[in-house]
Amino acid sequence: MKIFLDTADRDLIKKWISTGIIDGVTTNPSLLSTQGDNPKQVLLDICKMVPGDVSIEVVEKEPESVYKQAKEIAAISKNVVVKIPFAHEYLPVIAKLVKENVKINVTLIFSVLQALLVSKLGVTYISPFVGRWDDIDIDGMKLVQDLMKMKKNYGFKSEILAASIRNVMHWHYATLIGTNVVTLPPKLLEQIMNHPLTTQGIEKFDNDWKSLGKENLLD
Ligand code: E4P
């Protein structure tokens, strides 16, 4: 499983990149809106800091402008993936960009058939939004499971990127399903790092070792 960070916060990205477990970053206009008024600089910094793919979302609306902006975004760094929301009128744009070797992450995916169509176009990532389905009392993880089945049924190459991950159990189930990629808010990583049984276990080992009264393990 690839682990992406779902944030535009450079301090948090720096912190988690240093652990070696982060494969990429996903941003969106909402996340960028929390990081000051120079989004271009924020994005350039992120692309430099991250060894893997960085998803950057288009904010234009008209298909021609989306195409133009996607090309501009793709040109800012080699590790950029252009994020485009699913829409009927963007399908030709996405098809053209894929032919031109632009890596695409189709975002705001809420159905198997949306995912099927963009898989046929050969996009790099498909992002089903788990939490936003859960918000309206529908099991978002079921969609991820169905997309993995669809991918297997037809041998599609596009990777399923579980997005809108809001809690540790989302991540847990995405892992059991075999989801290709998960994008995590940094606070979820923080949450699983400290397990009370691990902390207790370390304390016990420390105390038992000290009770032996030895300075070095291998003396
Ligand atoms: C990432 O690609 C998505 O934009 C993000 O995970 C959405 O998460 P949210 O539904 O919590 O805003």
Side-chain angles (χ1 to χ4, degrees), residues 1-10 12-13 16-17 21-35 39 42-43 46-47 49-50 52-61 66 69-70 73-74 76-77 79-87 90 94 97 102-111 114-115 118-119 121 123-148 151 158-175 177 179-192:
M1 171 184 263
K2 287 188 204 166
I3 297 179
F4 289 179
L5 269 184
D6 198 19
T7 185
D9 183 321
R10 286 164 288 183
L12 289 172
I13 293 171
W16 287 107
I17 287 285
I21 60 165
I22 301 303
D23 301 295
V25 164
T26 51
T27 65
N28 64 34
S30 307
L31 293 170
L32 269 181
S33 72
T34 66
Q35 301 299 313
V42 172
L43 292 168
I46 295 174
C47 288
M49 292 160 73
V50 178
D53 288 344
V54 176
S55 287
I56 300 176
E57 190 159 338
V58 293
V59 293
E60 291 292 344
K61 291 281 155 271
V66 167
Q69 190 173 48
I73 292 172
I76 76 168
S77 178
N79 55 342
V80 163
V81 177
V82 181
K83 227 177 173 188
I84 300 181
F86 182 92
Y90 297 158
I94 293 171
L97 289 164
V102 176
K103 288 170 95 177
I104 304 291
N105 174 357
V106 182
T107 191
L108 289 164
I109 289 288
F110 290 95
S111 81
Q114 286 179 325
V118 292
S119 296
L121 298 184
V123 300
T124 303
Y125 298 112
I126 297 174
S127 293
F129 273 38
V130 176
R132 293 197 195 183
W133 262 138
D134 285 9
D135 289 344
I136 56 165
D137 200 18
I138 290 174
D139 181 5
M141 198 50 71
K142 171 77 169 49
L143 175 61
V144 178
Q145 193 167 15
D146 290 347
L147 296 199
M148 288 306 295
K151 178 177 157 76
S158 306
E159 294 187 55
I160 306 304
L161 189 167
S164 187
I165 294 294
R166 303 271 181 76
N167 58 58
V168 169
M169 289 316 285
H170 280 158
W171 184 13
H172 176 113
Y173 286 120
T175 306
I177 287 167
T179 312
N180 305 116
V181 192
V182 73
T183 189
L184 303 172
K187 70 169 193 274
L188 284 194
L189 278 169
E190 198 77 61
Q191 261 174 276
I192 63 119

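Counting starts at 1 for both ligands and their atoms, in listed order. Side chains included, hydrogens not; waters and symmetry mates left out as well; all remaining heavy atoms used. These numbers were taken from a predicted model, which means no experiment stands behind them.
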Donor-acceptor contact below 3.5 Å, side chain [X] vs main chain [Y]:
X      : Y      : result
Asp23  : Phe4   : no
Ser111 : Gln114 : yes
Asn79  : Cys47  : yes

With a cut-off of 3.5 Å and sequence neighbours excluded, list every side-chain donor-acceptor pair involving residues 182-191.
from   : atom 1 : to    : atom 2 : distance (Å)
Thr183 : OG1    : Asp6  : N      : 3.4
Thr183 : OG1    : Thr26 : OG1    : 2.5
Glu190 : OE1    : Lys15 : NZ     : 2.6

Distance from [atom] to nearest protein heavy atom, with residue and atom:
atom                   : value
atom 8 (O) of ligand 1 : Ser164 CA, 3.4 Å
atom 4 (O) of ligand 1 : Asn28 ND2, 2.7 Å
atom 3 (C) of ligand 1 : Phe129 CZ, 3.5 Å
atom 6 (O) of ligand 1 : Asp6 OD2, 2.5 Å

Original post:
Given the rule in the salt bridge (Lys or Arg N to Asp or Glu O under 4.0 Å) test, do Lys103 and Asp53 qualify, once you have shown the distances and angles that lead to the verdict?
Top reply: CA-CA 9 Å; Lys103 288 170 95 177; Asp53 288 344; 3.0 Å; yes
Of all the atoms in ligand 1, which lie at a distance below 4.0 Å from a heavy atom belonging to [X]?
X      : answer
Arg166 : 9 (P), 10 (O), 11 (O)
Lys83  : 1 (C), 2 (O), 3 (C), 4 (O)
Arg132 : 7 (C), 9 (P), 10 (O), 12 (O)

